[in-house]
Amino acid sequence: MTDLHRPTLSERQQEILARVVEEYVATGVPVGSKTLVERTSMGVSSSTIRNELAVLEEQGLLTHPHTSAGRVPTGLGYRFFVDRVLERIEGRPSEVELDLDLSVAPSQVDSALQATTEALAEVTHLLALVSAPPLGTTTVRHVEVLLLQPQLVVVVVITSTGGITKRLLMFEEPVDPGLAEWARQYLNECVAGLQLGARLLRNRFEDPELSARERDFLAQFLPAFTEAMEAGEQTLYVGGTAGVLDEFRADELRAYRRLLEVLEQRAALLELMRAGILSKRPFVRVGSEFEDPELASVSLVGAPYGLRHRNLGTVSLLGPMRMDYVKAIEAVRSAAHELSRFVEDVYED
């Protein structure tokens with residue numbers, strides 16, 4: 001929410017709005033002035049709170065289902081609340097601890113990302129999503145060249161993230177075993193350690209100091225590295241698909257069904273998370289901020305992870321707009337922090 005569109009509220013109004021959001025998230029029941037007086041220690045009368053609730057409703061931050069009901073937050077109300085939470089936690093360590101031990105998966109990024117989604121889903125009961133780093137940013141760890149038959153060669157590319165790509169090459173003429181062994185040694189000496197998407201890697205295949213025979217032979221191997229990069233592009237890890245259903249009320253199930261449809265469309269889901277890759281801090285998208293009107297009762301909470309000067313992916317939680325934002329924000333912050341520590345040992349900045 002920009003300052004231009006942010007309602008101007010007194011400290012008391014901000015506190016009342018926060019209490020309404022917290023109470024409604026906890027109970028799912030519209031919140032009235034009597035409830036606020038009984039469950040808070042604000043030191044003001046019920047009539048004063050009623051007046052403030054009316055002002056908040058006029059500002060578009062609260063609404064009520066019917067005439068005699070208490071108030072519930074609107075999308076704008078959640079947005080205002082979330083912005084205050086984000087401001088309050090800036091620079092502060094996360095207070096949510098995840099049962100997340102990434103040391104069990106050294107250099108295995110896929111295992112670490114899946115473990116992260118499972119830990120997030122278990123703690124929050126929301127849909128956990130983690131976008132994998134573009135494989136073009138990872139490095140080649142080892143290359144194996146095997147002569148299976150006189151005219152059949154297999155090349156195996158192993159990346160620093162634990163990814164493995166194999167490619168079978170059929171030649172018209174028998175392959176010189178010495179040439180195959182030379183290629184294996186050359187690739188491990190001159191290509192291992194380079195990023196898959198780096199121009200330098202491609203240049204190693206076209207090194208003018210190589211003979212024409214050597215360059216022609218290596219050219220057959222380059223597609224294996226291209227496939228390795230494309231195989232891991234825009235990978236998503238998902239956890240908690242079943243558990244999040246319990247968090248949606250009956251009148252929100254349409255949004256849940258739409259959410260499942262989005263899950264089946266990887267491009268659409270990545271679009272929801274794209275803002276996070278450019279962010280340097282946790283972010284939240286609330287209801288109507290999604291382009292898809294059927295996601296108007298859904299919220300996304302996320303945080304980027306990566307290296308000191310470069311984001312590699314996003315940790316996100318998706319669920320109903322009526323979610324525990326404080327816990328969700330703290331959880332993704334904690335997960336992003338742990339993943340950032342993990343990838344620092346895997347990727348070269």
Treating [X] as the side-chain partner and [Y] as the backbone partner, does any N or O pair qualify as donor plus acceptor under 3.5 Å?
X: Arg215; Y: Leu210; result: yes
X: Thr74; Y: Leu61; result: yes
X: Ser340; Y: Ala336; result: yes
X: Ser297; Y: Met321; result: no
X: Lys166; Y: Ala224; result: no
X: Arg167; Y: Phe225; result: no
X: Arg204; Y: Cys190; result: yes
X: Arg322; Y: Val25; result: yes
X: Glu338; Y: Ala335; result: no
X: Glu23; Y: Val31; result: no

Measure the [atom1]-[atom2] distance between [X] and [Y] for me, rounded to the nearest 0.5 Å.
X: Ile329; Y: Leu317; atom1: CD1; atom2: CG; result: 10.0 Å
X: Glu52; Y: Thr48; atom1: CD; atom2: OG1; result: 7.5 Å
X: Ser45; Y: Arg50; atom1: OG; atom2: CZ; result: 7.5 Å
X: Glu172; Y: Gln151; atom1: CD; atom2: CD; result: 9.0 Å
X: Ser46; Y: Glu38; atom1: OG; atom2: CD; result: 9.0 Å
X: Arg281; Y: Leu86; atom1: CZ; atom2: CG; result: 9.5 Å

If you look at every heavy atom in [X] and [Y], which pair is closest and at what distance?
X: Leu120; Y: Ala331; result: CD2-O, 3.6 Å
X: Val20; Y: Arg71; result: CG1-O, 4.1 Å
X: Val123; Y: Lys327; result: O-NZ, 3.0 Å
X: Ala183; Y: Val145; result: C-CG2, 4.4 Å
X: Thr8; Y: Gln59; result: O-NE2, 3.6 Å
X: Phe283; Y: Ser316; result: CZ-OG, 4.4 Å

Student check: side-chain heavy atoms of [X] and [Y] closer than 4.5 Å:
X: Leu307; Y: Val343; value: yes
X: Val315; Y: Leu129; value: no
X: Arg79; Y: Glu289; value: yes
X: Val154; Y: Leu169; value: no
X: Asp324; Y: His125; value: no
X: Val298; Y: Leu318; value: yes
X: Phe81; Y: Val286; value: no
X: Glu22; Y: Arg19; value: yes

Aromatic ring proximity Phe171/Phe217, centre distance under 6.0 Å = yes

query = Using the benzene-type ring in the case of Trp, are the ring centres of Tyr305 and Phe342 under 6.0 Å apart?
reply = no

inquiry  = Regarding Arg88 and Asp83, does a basic nitrogen lie under 4.0 Å from an acidic carboxylate oxygen?
reply    = no

message = With a 4.0 Å cut-off on N to O distance, would you call Glu87 and Arg84 a salt bridge?
response = no

ask   = Who pairs with Glu189 by side-chain hydrogen bond (donor to acceptor under 3.5 Å, both in side chains), at least two apart in sequence or on another chain?
value = none

Shared ILVMFWY cluster between [X] and [Y], side chains joined below 4.5 angstrom?
X: Val37; Y: Val44; value: yes
X: Ile89; Y: Val326; value: yes
X: Val55; Y: Leu76; value: no

request  = Please check if any side-chain donor atom of Gln114 sits under 3.5 Å from a side-chain acceptor atom of Thr117, or the reverse.
outcome  = yes

message = Determine whether Leu36 and Leu53 satisfy the following criterion, side chain to side chain contact (heavy atoms under 4.5 Å, CB included), listing intermediate values before the conclusion.
response = CA-CA 11 Å; Leu36 291 175; Leu53 289 174; 4.1 Å; yes

ask   = side chain to side chain contact (heavy atoms under 4.5 Å, CB included) between Leu9 and Leu56: does it pass, once the steps are laid out?
value = CA-CA 8 Å; Leu9 302 182; Leu56 293 172; 3.9 Å; yes

query = Does CZ in Arg341 sit with more than 12 non-hydrogen atoms of other residues, nucleotides or ligands closer than 6.0 Å?
reply = no

query = Do other residues, nucleotides or ligands put more than 12 heavy atoms under 6.0 Å from the CD atom of Glu122?
reply = no

query = Tyr325: what forms a ring-ring contact (aromatic ring centres under 6.0 Å, His included) with it, not counting sequence neighbours?
reply = Tyr78

task = Specify whether Trp182 and Tyr186 have parallel, tilted or perpendicular ring planes, treating 30° as the upper limit for parallel and 60° as the lower limit for perpendicular.
result = parallel

ask   = Between Asn188 and His142, is a side chain to side chain contact (heavy atoms under 4.5 Å, CB included) present by the stated rule, with each step listed?
value = CA-CA 6 Å; Asn188 282 295; His142 182 74; 3.0 Å; yes

message = The test is side chain to side chain contact (heavy atoms under 4.5 Å, CB included); show your working for Val157 and Leu187 and say whether it passes.
response = CA-CA 10 Å; Val157 179; Leu187 291 172; over 6 Å; no

